[in-house]
Amino acid sequence: MDTDGFTTCLWFDGRAEEAARFYVSLFENSAIGAVTHYPEGAHQPAGNVLTVDFTANGQKFVALNGGPEFTFNEAISFQITCHDQKEVDHYWTALTEGGGEEGPCGWVKDRFGVSWQVVPARLEEMFRDPDTTKVARANQAMMTMRKLDIAALEKAYAGE
């Protein structure tokens, strides 16, 4: 087994290279690697992109143009921990552009159908607080939001 961790394979229907380039543009420490193409006699036309190896935010991925048989759903998502509201806003805007969909509680589906959680690091800290009353207030506030608002979460957490 490769000791460098796992590679996540994302299945697309003809948009693998577009998706890989989008993700690489969105995150630091990202790059496109090898691009392979379908050979003659495959279930896709020869020369079409088969796979795109890429790294996004230091994580290894392969984007596969497998066809329409499988689609993404919310059972798998990628969590982006953000340090401030500016980061939350940046990722939320980028992921919803071009046909992405806002979801509840900081979840968003990008234009390729991949689900993301755009989460402030501060909310993660709040949820680890041993004071269950504060945690409940923060959680209740989060449940009313789409894009998470750190200032509003802080107010709820503090009981204001």
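Side-chain atoms are counted along with the backbone in the values below, which use heavy atoms only and exclude waters and symmetry mates.
- The closest side-chain heavy-atom distance from V135 to M126 is not below 4.5 Å.
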Tell me, with the steps shown, if H43 and Y38 meet side chain to side chain contact (heavy atoms under 4.5 Å, CB included). CA-CA 8 Å; H43 75 282; Y38 276 99; 3.5 Å; yes

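- Considering I32, T51, V49 as possible partners of E17, the one that fulfils the side chain to side chain contact (heavy atoms under 4.5 Å, CB included) test is V49.
- Note that CZ of R137 and CG of D129 are 9.5 Å apart. Values are rounded to the nearest 0.5 Å.
- Scanning all heavy atoms of the two residues, the minimum distance from A63 to A20 falls at CB-CB, 4.5 Å.
- Here F61 and F6 keep their ring centres 6.0 angstrom or further from each other.
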Worked verdict on F12 versus F72 for side chain to side chain contact (heavy atoms under 4.5 Å, CB included): CA-CA 9 Å; F12 296 91; F72 298 108; 3.8 Å; yes

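- Judged by the 6.0 Å distance and 45° axis criteria, R122 is positioned over the aromatic ring of Y157.
- A salt bridge is absent between R111 and E101; no separation between the charged side-chain nitrogens and carboxylate oxygens falls under 4.0 Å.
- F54 and V114 fall within the same hydrophobic cluster, defined by Ile, Leu, Val, Met, Phe, Trp and Tyr side-chain heavy atoms under 4.5 Å apart, directly or through other members.
- Side-chain contact check for D13 versus P68: some heavy-atom pair is nearer than 4.5 Å.
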Before you tell me yes or no, could you show the steps for I76 and T8 under side chain to side chain contact (heavy atoms under 4.5 Å, CB included), namely the whole-Å CA-CA distance, both residues' side-chain angles and the distance that decides it to 0.1 Å? CA-CA 11 Å; I76 298 290; T8 302; over 6 Å; no

Walk me through whether Q44 and L50 qualify under side chain to side chain contact (heavy atoms under 4.5 Å, CB included). CA-CA 8 Å; Q44 297 277 341; L50 172 61; over 6 Å; no

ring-ring contact (aromatic ring centres under 6.0 Å, His included) between F27 and Y91, worked out: CA-CA 9 Å; F27 299 102; Y91 288 114; 5.3 Å; yes

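- Residues W92 and L153 do not share a hydrophobic cluster, defined by chaining ILVMFWY side chains whose heavy atoms lie under 4.5 Å apart.
- A donor-acceptor pair is defined here as one N or O able to donate and one able to accept, closer than 3.5 Å; such a pair exists between the side chain of Q85 and the backbone of L148.
- There is no side-chain donor-acceptor pair under 3.5 Å between Y23 and N57.
- Taking hydrophobic clusters as Ile, Leu, Val, Met, Phe, Trp and Tyr residues chained together by side-chain heavy-atom distances below 4.5 Å, V118 does not share a cluster with M142.
- Considering only heavy atoms from C-beta on, S77 comes within 4.5 Å of W107 through its side chain.
- Using a 4.5 Å cut-off between side-chain heavy atoms of Ile, Leu, Val, Met, Phe, Trp and Tyr, with links allowed through other members, F22 and V24 fall into the same hydrophobic cluster.
- If you check the side chains of E102 and T96, you find no donor sitting under 3.5 Å from an acceptor.
- For W11 and F112, the ring centers are positioned 6.0 Å apart or more.
- In this structure, Q140 places its CD atom where only 12 or fewer heavy-atom neighbours from other residues, nucleotides or ligands lie under 6.0 Å away.
- Counting heavy atoms from C-beta on, the side chains of E154 and I150 come closer than 4.5 Å.
- A pairwise comparison of heavy atoms in K109 and S115 identifies CE-OG, 4.1 Å as the closest pair.
- Applying the 6.0 Å contact sphere to CD of E69 captures more than 12 heavy atoms from other residues, nucleotides or ligands.
- Contact annotation: the side chain of T55 never approaches that of Q59 to less than 4.5 Å [non-hydrogen atoms, C-beta and beyond].
- The CG atom of N139 lies 11.5 Å from the OG1 atom of T132; values are rounded to the nearest 0.5 Å.
- Counting only distance, with no hydrogens or angles, the side chain of N65 and the backbone of G14 share a donor-acceptor pair below 3.5 Å.
- Judged by distance alone, with hydrogens and angles left aside, the side-chain atoms of T144 form a donor-acceptor pair with the main-chain N or O of A141 at under 3.5 Å.
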Residues R15, E18; criterion salt bridge (charged side-chain N to carboxylate O under 4.0 Å, His left out); working and verdict: CA-CA 5 Å; R15 298 180 73 190; E18 178 188 355; 3.0 Å; yes

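- Put simply, the side chain of F78 reaches to within 4.5 Å of the side chain of L10, judged on heavy atoms.
- Using a 4.5 Å heavy-atom threshold, the side chains of T81 and E124 count as touching.
- Proximity of M145 to C105: side-chain heavy atoms (C-beta onward) are nowhere separated by under 4.5 Å.
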